[in-house]
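Here is the structure we will look at, set down as structure tokens.
Keep in mind it's a predicted model, so treat the numbers as computed, not measured. As the structure lists them, so they are numbered: ligands from 1, and atoms in each ligand from 1.
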Amino acid sequence: MNKDVIIACDFKSAEDTFAFLDLFRDEPRKPFLKIGMELFYAEGPSIVREIKRRGHRIFLDLKLHDIPNTVKKAMAVLSRLDVDMCNVHAAGTVAMMRAAVEGLTREDGTRPLLIAVTQLTSTSEQTMQQELLIGATINDTIVRYARNAREAGLDGVVCSPLEAGMVKEACGAEFLTVTPGVRFADGDVGDQVRVTTPARAREIGSDYIVVGRPITAADDPVAAYRRCVAEFCG
Ligand code: C5P
């Protein structure tokens, strides 16, 4: 498994996104990009096609969570966009995740990687227990959701890098851990709660780190991206 850094393109428009991507024009390593709700809802599927045309791999982070039939049909539409990775919320149940795999699988049997969000990296154990009334510990919840995702045939989960080791232990080394909540040791945490550095994420066993503001809001985004790659990919 090749470790990689995925840049979260949390921009409001195609114009802002391409201004950012133009900074990487001479970069030998074409960054793997994440397109999330803000950009997808603003620009629609055309932004995915255009970024794909530029040769980037794409993680389409729309975090589907609905009844199984709706998720299956939505996934069939996303599958035609030819992205490399997409996701659902594990809280949608094993039945919903199975439906997502079915919808995503093309007639020739191929499909993008499919991963499930366990608990958002902005959620603390206290919020989970007191507001969402989930009585288990956050770690037990994450491991259970990861096992559910594996049982449903998914390729891995989104979790905090701090949880990557225990997910691998529960679900096997091949089960992917895609981990946002990454910050440089000298950087701002922002609204994230369960965070660590790229170097520590590598040690714990993340396969992909998803990094947004530490790169997109840096004075020199290319330098920040290179720093992430150097720390995480070695
Ligand atoms: O700017 P920052 O590095 O915090 O961006 C993290 C990205 O990862 C955001 O696009 C956020 O939506 C996403 N994400 C997350 N936690 C999850 C799942 C996705 O932060 N559990």
Side-chain angles (χ1 to χ4, degrees), residues 4-13 16-17 20-21 31-43 47-48 51 56 58-65 83-92 97 100 113-125 127-128 132 134 138-139 141-146 148-149 154-164 166-167 176-201 204 206-219 221 224-225 227-229 231-232:
D4 211 347
V5 174
I6 302 178
I7 304 178
C9 289
D10 293 326
F11 297 112
K12 65 180 186 315
S13 67
D16 289 0
T17 307
F20 174 77
L21 293 183
F32 196 145
L33 304 176
K34 180 174 89 69
I35 299 176
M37 293 183 213
E38 182 183 11
L39 187 56
F40 191 80
Y41 292 157
E43 299 289 347
I47 188 82
V48 176
I51 291 178
H56 294 275
I58 297 176
F59 166 23
L60 188 56
D61 176 24
L62 299 181
K63 300 186 183 73
L64 276 65
H65 186 174
V83 294
D84 299 277
M85 188 187 288
C86 44
N87 63 355
V88 294
H89 270 287
M97 290 190 276
L113 291 171
L114 181 62
I115 56 178
V117 175
T118 51
Q119 281 291 342
L120 294 170
T121 43
S122 53
T123 305
S124 66
E125 182 164 87
T127 308
M128 198 191 75
L132 305 180
I134 296 174
I138 198 155
N139 286 353
T141 310
I142 287 158
V143 165
R144 178 58 192 262
Y145 285 17
N148 289 353
L154 274 66
D155 305 293
V157 289
V158 186
C159 60
S160 158
L162 300 169
E163 293 131 20
M166 67 188 190
V167 168
L176 297 176
T177 52
V178 179
T179 65
V182 173
R183 293 294 182 263
F184 292 123
D186 52 2
D188 273 350
V189 170
D191 58 348
Q192 296 282 18
V193 174
R194 305 190 328 269
V195 299
T196 194
T197 61
R200 185 76 189 117
I204 305 174
S206 299
D207 296 296
Y208 295 92
I209 51 171
V210 178
V211 188
R213 289 160 290 182
I215 294 176
T216 55
D219 291 337
Y225 172 67
R227 183 178 169 192
C228 272
V229 170
E231 275 192 35
F232 182 66

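Taking atom 14 (N) of ligand 1 as the reference point, the nearest protein heavy-atom neighbour is Pro180 CG, 3.6 Å. Atom 11 (C) of ligand 1 has Lys34 NZ, 4.2 Å as its closest protein atom, hydrogens excluded (heavy atom only). When only non-hydrogen protein atoms are considered, atom 16 (N) of ligand 1 lies nearest to Thr121 OG1, 2.7 Å. In terms of protein heavy-atom proximity, atom 9 (C) of ligand 1 is nearest to Asp10 OD2, 3.4 Å.
With Val157 as reference, Val167 is the one residue of Ile115, Leu176, Val167, Asn87 to meet the side chain to side chain contact (heavy atoms under 4.5 Å, CB included) rule.
Under a 4.0 Å criterion applied to the non-hydrogen atoms of Pro214, ligand 1 contributes the atoms 3 (O). Interface of Arg213 with ligand 1, defined as ligand atoms under 4.0 Å from a residue heavy atom, comprises 1 (O), 2 (P), 3 (O), 4 (O). Those atoms of ligand 1 that come under 4.0 Å of a heavy atom in Gly212, given as number and element, are 1 (O), 2 (P), 3 (O), 5 (O).
Taking the salt bridge (charged side-chain N to carboxylate O under 4.0 Å, His left out) definition, one finds that Arg227 meets it with Asp186, Glu231, sequence neighbours left out. Residues passing the salt bridge (charged side-chain N to carboxylate O under 4.0 Å, His left out) test with Arg144: none are found, sequence neighbours excluded.
Ile7 is listed as a side-chain neighbour of Thr216, based on a closest heavy-atom distance under 4.5 Å. Looking at heavy atoms from C-beta onward, Lys34 lies out of side-chain contact with Val178 at the 4.5 angstrom threshold.
Phe11 and Phe20 have tilted rings, their planes meeting at an angle from 30° to 60° on a 0 to 90° scale.
The shortest separation from a heavy atom of Met37 to ligand 1 is not under 4.0 Å, leaving the residue out of contact.
Within 6.0 Å of the CG atom in Asp191, the count of heavy atoms belonging to other residues, nucleotides or ligands exceeds 12.
Looking at Gln192, His89, Lys63 and measuring to atom 18 (C) of ligand 1, the nearest heavy atom belongs to Lys63.
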